[in-house]
Amino acid sequence: MFEKLDKTLARLEDGAMIVFMGLAIALTFMQVVMRYVFNAPLFWAEEVVLYSIIVMSFIGISIGIRLGSHISVDLMDALVPEKYVPVLRIIAMVLGILFAIALVYFGSKLFLTTLDRGQLSPALRLPVATIYAIIPIAGVLSLFRYVHALVQLVQGKQIQASEDNLRAM
């Protein structure tokens, strides 16, 4: 169950990252051309690029957990004796779960409050709540990733080293 959902979410995360990165790169290039070649900048492009970067940052949290590339994992391995590493990893995952729960809770409150107020973005006139929706979504993704990693650790499975995962991408 976890494995199938993990693979599906991984594809969605990777696909979303590719789409938003491609969008940010293409719009930035187009904005430069429009501004300096045609002297007709796109008033909305900077806002879309900013929102794309925000979404990529929040999706990157979950991808980092999936790949085991967060700094706490590498730092703990280097600083503590080998026999304490599993205990510290469990502690780190529990703290990560608490952080993910906080993202879901406070992100949802922010989303709902902003939705009630009807605030619109300056250039695109989109509801700002749609941008804030990424916060609880990232919290849910991170929560799944941390729980999945914790289950793997308890079962004695090891998350692959981040370099191996990065090479596989």
Side-chain angles (χ1 to χ4, degrees), residues 1-28 47-116 128-169:
M1 162 96 178
F2 264 132
E3 299 303 322
K4 188 172 183 175
L5 185 57
D6 178 50
K7 287 183 181 186
T8 302
L9 287 177
R11 286 188 182 138
L12 288 173
E13 291 166 346
D14 293 344
M17 191 64 84
I18 290 167
V19 167
F20 284 106
M21 189 173 291
L23 181 65
I25 290 169
L27 278 178
T28 301
E47 191 171 297
V48 174
V49 170
L50 175 67
Y51 294 154
S52 294
I53 292 169
I54 290 169
V55 170
M56 286 188 297
S57 299
F58 278 101
I59 291 173
I61 295 170
S62 179
I63 292 173
I65 297 166
R66 182 184 78 207
L67 299 178
S69 62
H70 284 288
I71 193 166
S72 64
V73 175
D74 296 334
L75 186 62
M76 287 188 306
D77 286 351
L79 293 179
V80 300
E82 186 71 29
K83 65 181 180 178
Y84 297 119
V85 169
V87 174
L88 290 177
R89 282 196 179 177
I90 289 172
I91 292 169
M93 287 180 204
V94 168
L95 290 173
I97 288 169
L98 293 174
F99 176 73
I101 290 169
L103 273 179
V104 172
Y105 177 74
F106 292 112
S108 296
K109 282 183 72 169
L110 178 64
F111 169 76
L112 292 172
T113 301
T114 310
L115 189 63
D116 286 343
V128 174
T130 58
I131 307 307
Y132 288 157
I134 191 61
I135 299 170
I137 291 169
V140 169
L141 290 172
S142 299
L143 185 60
F144 170 78
R145 295 289 178 203
Y146 275 121
V147 169
H148 185 232
L150 186 59
V151 167
Q152 284 184 320
L153 187 63
V154 169
Q155 291 176 345
K157 297 177 185 174
Q158 189 85 10
I159 298 174
Q160 289 182 332
S162 59
E163 292 141 18
D164 294 340
N165 280 318
L166 292 174
R167 282 192 208 111
M169 288 181 66

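Heads up: numbering here begins at 1 and tracks the sequence.
Judged as a ring-ring contact (aromatic ring centres under 6.0 Å, His included), and not counting sequence neighbours, the contacts of Phe144 are Phe2, His148. Leu50 is linked by a side-chain contact (heavy atoms from CB on, under 4.5 Å) to Ile54, counting only residues two or more places apart in sequence or in another chain. Applying the side-chain contact (heavy atoms from CB on, under 4.5 Å) criterion to Val49, with sequence neighbours excluded, gives Ala24, Leu27, Thr28, Ile53. In this structure, the salt bridge (charged side-chain N to carboxylate O under 4.0 Å, His left out) partners of Glu13, at least two apart in sequence or on a different chain, are Arg66, Arg145. Qualifying side-chain contact (heavy atoms from CB on, under 4.5 Å) partners for Val128, counting only residues two or more places apart in sequence or in other chains: Thr114, Gln119, Ser121, Tyr132. The side-chain contact (heavy atoms from CB on, under 4.5 Å) search around Gln155 returns Val151, Lys157, not counting sequence neighbours.
For Pro86 against Leu153, the heavy-atom pair with the smallest separation is O-CD2, 3.8 Å. Shown here for Met17 and Met56, the closest heavy-atom pair between the two residues is CE-O, 3.3 Å.
A heavy-atom distance below 4.5 Å is found between the side chains of Ile134 and Ile59. Phe58 places none of its side-chain heavy atoms less than 4.5 Å from the side chain of Ile137.
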Enumerate, atom names and distances included, each donor-acceptor pair closer than 3.5 Å involving a side-chain atom of residues 90-112, sequence neighbours excluded.
from: Ser108; atom 1: OG; to: Val104; atom 2: O; distance (Å): 2.6

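Summarising the geometry, atom CG belonging to Leu79 is positioned 14.5 Å from atom OH belonging to Tyr84; distances are rounded to the nearest 0.5 Å.
The neighbour count for Glu82 CD, taken as heavy atoms of other residues, nucleotides or ligands under 6.0 Å away, does not exceed 12.
Residue pairs meeting the side-chain hydrogen bond (donor to acceptor under 3.5 Å, both in side chains) criterion with at least one member in residues 133-143, sequence neighbours excluded, do not occur.
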